[in-house]
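None of these values were measured; they are calculated from a predicted model. Side chains are part of it too, since the values below use all heavy atoms of this structure and drop only hydrogens, waters and symmetry mates. Counting from 1, the numbers follow the sequence of the chain as shown.
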Amino acid sequence: ALRVDTDDPETQKRVSYTVRVDEAARKVQSGEASVAAFVRPTGIAETERVARSGATMPQKSTYFYPKMPSGLVARRID
């Protein structure tokens, strides 16, 4: 409906992301944005299920906080 191709960087420029409801509302109210969509967060179990199946998730569908520092590798020690 919004004609945004997730494989085309040019159309992606029309989309921005925020985790802050107040920021999204402010952008729409000020006219900086035309629409805001509030999406239920993806749960850890859902993310794990997709990862174990070998599939990939859409951009920005996983937002975990706090973020691990860049370059840090995590490994479970048994």
Side-chain angles (χ1 to χ4, degrees):
L2 300 175
R3 294 190 294 259
V4 175
D5 181 350
T6 58
D7 293 325
D8 180 6
E10 283 304 309
T11 61
Q12 289 180 31
K13 290 178 183 178
R14 299 188 327 227
V15 178
S16 65
Y17 303 92
T18 181
V19 297
R20 298 179 50 99
V21 172
D22 59 333
E23 180 181 350
R26 180 189 54 75
K27 286 184 176 186
V28 171
Q29 290 169 346
S30 72
E32 184 180 343
S34 299
V35 66
F38 300 96
V39 182
R40 180 184 59 83
T42 306
I44 293 174
E46 295 166 298
T47 304
E48 182 178 8
R49 190 169 34 257
V50 171
R52 289 187 185 280
S53 75
T56 58
M57 296 184 70
Q59 294 177 0
K60 305 295 183 188
S61 60
T62 55
Y63 183 88
F64 293 107
Y65 189 83
K67 298 273 189 203
M68 297 175 92
S70 179
L72 181 66
V73 177
R75 179 183 167 102
R76 186 170 70 185
I77 299 174
D78 295 298

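- With sequence neighbours left out, R26 forms a side chain to side chain contact (heavy atoms under 4.5 Å, CB included) with E23, E32.
- Residues passing the side chain to side chain contact (heavy atoms under 4.5 Å, CB included) test with A51: none are found, sequence neighbours excluded.
- Across T42 and T47, no two heavy atoms sit closer than the pair CG2-OG1, 3.3 Å.
- Here the shortest heavy-atom pairing between P41 and E46 reads O-OE1, 4.4 Å.
- A search for side chain to side chain contact (heavy atoms under 4.5 Å, CB included) contacts involving E10 returns D8, K13, not counting sequence neighbours.
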